[in-house]
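Lettering follows sequence order; numbering is per chain, from 1. Just so you know, these numbers come straight off a predicted model, no measurement behind them.
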Amino acid sequence: MKSQQIRQQFLDFFASKKHQIVASSPMVLKNDPTLMFTNAGMVPFKEYFLGQKTATEKRVADTQKCLRVSGKHNDLEEVGKDTYHHTMFEMLGNWSFGDYFKKEAISWAWELLVDVYKIDKDCLYVTVFEGAEEDGLGYDQEAYNYWKQFIDEDRIINGNKKDNFWEMGAQGPCGPCSEIHVDIRSAEEKAKISGKSLVNNDHPQVVEIWNLVFMEFNRKADGSLEKLPAQHVDTGMGFERLCMVLQNKQSNYDTDVFTPLIREVEAITSNDYGVKEETDIAIRVIADHLRAVAFAIADGQLPSNTGAGYVIRRILRRAIRYGFTFLNIKEPFIYKLVNTLSKQMGEYFPELKAQKQLITNVIKEEENSFLRTLDQGLVLLDGIIKNTKGTEVSGKKAFELFDTYGFPIDLTALILSEKGMTLNEVDFNSELEKQKTRSRAAAVVETDDWVILEDDAEEEFIGYDTLEANVKITRYRKVSSKKEGNFYQLVFNMTPFYPEGGGQVGDKGYIEVSNGNVIYIVDTKKENNLIIHFAENLPKDPTQKLKVVVDEKQRFRTTCNHSATHLLHQALREILGTHVEQKGSAVHSKNLRFDFSHFAKLTTDELREVEDFVNARIDSKIPLKEFRNIPMETALEKGAMALFGEKYGDTVRAIQFGQSVELCGGTHIQNTGDIWHFKITSESAIASGIRRIEAITGDATKDFYFENNKAFFEIKDMLKNPVNPLKAIVDLQEENTTLKKQIEALLKDKAKNLKGDLIQEVEAINGVNFLAKKLDLDQNSIKDLAFEIGNQVDNLFLLAGAESDGKAFLTCYISKNLVEEKKLNAGQVVRELGKLIQGGGGGQPFFATAGGKNPAGIEEALQKGKEYIL
RNA sequence: GGGGAUGUAGCUCAUCUGGCUAGAGCGUUUGACUGGCAGUCAAAAGGUAGUGGGUUCGACUCCCAUCUUCUCCA
């Protein structure tokens, strides 16, 4: 059975059990500070389990794209070495939000595996929670009883808290779970060792395929458990493993999820899979990582040097590294696999198809840049090897190569071992540890427990309609960070403050306390569906009613910029074409930034056209049409662009200005006329195929034009108000260059004369051509002159004095042969004579300068100069 | 967010602890050899050393600020 069918059968099966089938949520998370990527099927539904939101559908099933790069069994550096771990994987899941529980979850799981997928039940084992005394939890007899209706009792295994009690984190919803394991070893091996003893023992062919979590408790901050008001089911089945089982393979990588990619790698790189262990690992790494990176890019996460982008970059670079070293490919090739991936998975994940070109470009660009880094590193490593005495390269050097130049440490180790050298790994690791400690120390934020004043499940956002409100604090906590000191995070029962999101910055403002004092709110952010206000202080009495006020001016400017961003988006699609898609957006009060997919630099004409387009819509004073809490389908009917990034259960808000319809949670002006004016300030590239436009609106454009205009009139004024200022400047420039040339010629002439005069004055003393004179020239000219004369007169000893700004300067030039023959040293001369002008100096033996603050001493110094050759 | 590095001629890079009027290769231009091209030889042009301050007799070099790019960590 093909993997596509396996996925479809799962979804069909649960649809037949009255489940709503929903699309996968994005793998990249945007509004969760605690998590960068969806790392389990339950992540998109977190809010329902936390009780922050009520589910509209009680039964749901889906396949969720997930990414794991760290964790017990998922260290990035381990992926590819075995045959069953991945960075990106699909997790099939069925969910009950306060609906069915253990009985249905267990019997449906069995029905699907045995009756639909036809897995031999003699291959299956299940585990049941054995209980935990410290939590006062007993054996999960209920689950056991349901299982024994289907499976031999000796195939039911007890599991401890670590394996069979699932928790979301240190706090929050949790509950016992029951896992289904499958033994796919050959009959012979099964005869030798019983599968039962291999369950949960990291055996590649005795693996867990499905985990059924029965969520019924809430872990409180003090560690105690309380019963949840409703019971939920959360299941997760690894899709790749399921395919391995159903396709009778011994490795996930031998299923048709991966084989098309592996065949393609073989073809491109002329390496065969299944011949040599290290080649196989490299091919697995590439096939796995390509999926992770491609899906991340499709979700809008480009490789970068911070945060989630950095994780993606690291994954991609690891793949490049393996190709470079073990497949011996020294040029970009991974990008070529995108086509295959998109063909294979684009059917179910249309974002892959839609973004294919972009993914290809971005990967290719990233490959190129990393290959450059590798080249540079190879040269540097060569240098290090040459400068190393003995055979051990210091860990510090290797760390520098890694830390500063991005050269992978395993490559360093490999190259060294090829040359019979070793690497001091202990030192390297200690350097790495130091750097980690440093980074952590800088990022340290101490967060106290929430102090809950009032239980209020949903904090209402009222900021679309008002900028002021009387509110109560429902919970608060103290946070201290090294950089910003102490501050408080407050949650209100309702708030007019817009939390950072959708590219728009969070609101600032203040809290009015009873005695007329104010407490400033410096930022507003969203965390797990809570709107959190960052305040400098806590009101004396946090339980009283408070008046909170949003900074109106800043909000208005931000709002103008946000609405203008929509118009800009429309303009770009209209003028450049529909390949333009938003790739990022930042809306501040000062300006706006919009990143979008487009293949070429915008011409000045295009930029002008875009500006005009937006301004035309501002001029036509289009009123805002706002649709709150409408189902996605309705929004799409209105013409909103379908975005990959919405998840199940979301009702959306649509913002319409004429033809521009967007799904958006941001704040918007009532009428485009309010924006007043729109002006692009820069256009640039941020990645292959991605351009960025920065622009300003409203007041900012007034300032912009005012400043420019002012500068222009100042320039015109300086030029005596010419009719054609541009021509005046060109003329001026031309005049300037001819004058420069003339001056240069004159100076040369003058210098020649001066030089001639001075040469006349040179006296021969003891076979040395001596000259000591005070000159009315600047230091640079004296230097030039000295060298010029030195070129013409042999055996020259020249001492020059000069005065400027009340300071005295001495310059000494001595022909090189004199330096050697007579053991003269200009530096020494200048240092000694420098005392006469109350200063010091130095230089090289044949040319030196000194400076001091006593011009009166110049004459004496010049006199004394002669003594050196007498 | 924290650390490290980086910015010098059109390009790739030198210039050691401050001092050889900032150099090389490639490229460009000109000339010579050749019937022409390729090629060889010769010569020339080309630099506010990212920017702005500071220290110093003297700063590409040291200090401070700021920007660019790269990179590791969180």
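Interface residues of residues 398-413 of chain A facing RNA chain B, ordered by number: F402(A), D403(A), T404(A), Y405(A), G406(A); criterion, heavy-atom separation under 4.0 Å. For RNA chain B, the residues of residues 830-842 of chain A within the heavy-atom distance limit of 4.0 Å (strictly under) are G840(A), G841(A), G842(A), sorted by number.
Of the N and O atoms on the side chains of S815(A) and N795(A), not one donor lies less than 3.5 Å from an acceptor on the other residue. The closest side-chain donor-acceptor pair between Q435(A) and D403(A) falls under 3.5 angstrom.
Judged by a 6.0 Å distance limit and a 45° cone about the ring axis, K330(A) is positioned over the six-membered ring of F324(A). Remark: K508(A) is not positioned above the aromatic ring of Y520(A), lacking an NZ or CZ atom under 6.0 angstrom from the ring centre and at most 45 degrees off the axis.
When the P atom is used for both rA45(B) and rG25(B), the distance is 15 Å, rounded to whole Å. To the nearest whole angstrom, the two P atoms, one in rG46(B) and one in rC57(B), are 34 Å apart. Taking atom C1' in both rG50(B) and rC41(B), the straight-line distance is 39 Å, to the nearest Å. Rounded to a whole angstrom, the distance from the C1' atom of rU48(B) to that of rA9(B) is 13 Å. Nucleotides rG47(B) and rA42(B) have their P atoms positioned 25 Å apart, rounded to a whole Å. For the C1' atoms, the distance from rU34(B) to rU28(B) is 23 Å, rounded to whole Å. A distance of about 34 Å separates the C1' atoms of rC11(B) and rG54(B), rounded to the whole Å. Across rC33(B) and rC20(B), the matching P atoms stand 41 Å from one another, rounded to whole Å.
The partner of rC16(B) cannot be assigned: no Watson-Crick or G-U wobble pair with both contacts below 3.5 Å exists in any strand. Base pairing analysis places rU29(B) opposite rA43(B); the two distances defining the Watson-Crick or G-U wobble pair are each below 3.5 Å. Taking a pair to require two hydrogen-bonding distances under 3.5 Å in either a Watson-Crick or a G-U wobble arrangement, rU61(B) remains unpaired.
Using a 4.0 Å cut-off between charged side-chain N and carboxylate O, R593(A) and E694(A) make no salt bridge. A salt bridge links R317(A) with E366(A): the closest approach of a Lys/Arg side-chain nitrogen to an acidic carboxylate oxygen falls below 4.0 angstrom. No salt bridge links R372(A) with E331(A); every basic N to acidic carboxylate O contact stays at or beyond 4.0 Å. Between E400(A) and K397(A) no salt bridge is recorded (no basic side-chain N to carboxylate O distance below 4.0 Å).
No engagement by G852(A) is indicated, since no non-hydrogen atom pair under 4.0 Å with the nucleic acid exists. Residue contacts for Q435(A): at a heavy-atom cut-off of 4.0 Å it reaches a base atom on one of the strands shown.
Of the two residues contacting RNA chain B, namely F809(A) and E788(A), the nearest-nucleotide position lying further toward the 5' end is that of E788(A). Between R440(A) and T373(A), it is T373(A) whose nearest contact on RNA chain B lies nearer the 5' terminus.
Rounded to whole angstrom, the span from the CG atom of N305(A) across to the C1' atom of rU6(B) amounts to 14 Å. Atom-to-atom, NZ of K436(A) to P of rC72(B) comes out at 13 Å; the value is rounded to the nearest Å. Taking atom NZ of residue K434(A) and atom P of nucleotide rA74(B), one finds them 17 Å apart after rounding to whole Å. Rounded to whole angstrom, the span from the CZ atom of F787(A) across to the P atom of rA22(B) amounts to 9 Å. Rounded to whole angstrom, the span from the CZ atom of R438(A) across to the P atom of rG2(B) amounts to 13 Å. Atom CD in E803(A) sits roughly 17 Å away from atom P in rC57(B) (whole-Å rounding). Going from atom CG of L432(A) over to atom C1' of rC72(B) covers 9 Å, rounded to whole Å. Note: CZ (R321(A)) to P (rC72(B)) measures 10 Å, nearest angstrom.
Between F487(A) and F534(A), the distance separating the two ring centers is shorter than 6.0 angstrom.
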For nucleotides 9-16 of chain B, tabulate all protein N/O to nucleotide N/O atom pairs closer than 3.5 Å, reporting atom names and distance.
none

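Side-chain N/O atoms of R317(A) include one lying less than 4.0 angstrom from OP1 or OP2 on rU71(B). Side-chain N/O atoms of R313(A) include one lying less than 4.0 angstrom from OP1 or OP2 on rU71(B).
Open room surrounds CG on D776(A); 12 or fewer heavy atoms of other groups in view lie less than 6.0 Å from it.
Which of rA74(B), rC57(B), rC20(B) sits closest to the side chain of Q844(A) comes down to rC20(B).
Across all their heavy atoms, F797(A) and L818(A) have their closest contact at N-CD1, 4.4 Å.
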When the side chains of residues 835-861 of chain A are checked against the rest of the protein, which donor-acceptor pairs come out under 3.5 Å, sequence neighbours left out?
from: N854(A); atom 1: OD1; to: A856(A); atom 2: N; distance (Å): 3.3
from: N854(A); atom 1: ND2; to: L836(A); atom 2: O; distance (Å): 3.3

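Listed by chain and residue number, nothing satisfies the side-chain hydrogen bond (donor to acceptor under 3.5 Å, both in side chains) test with D523(A) (two or more places apart in sequence, or in another chain). Looking at residues two or more places apart in sequence or on another chain, you find a side-chain hydrogen bond (donor to acceptor under 3.5 Å, both in side chains) between E832(A) and Q828(A), Y868(A).
Applying the 3.5 Å distance criterion, the base of rG1(B) shares no donor-acceptor pair with the side chain of T306(A).
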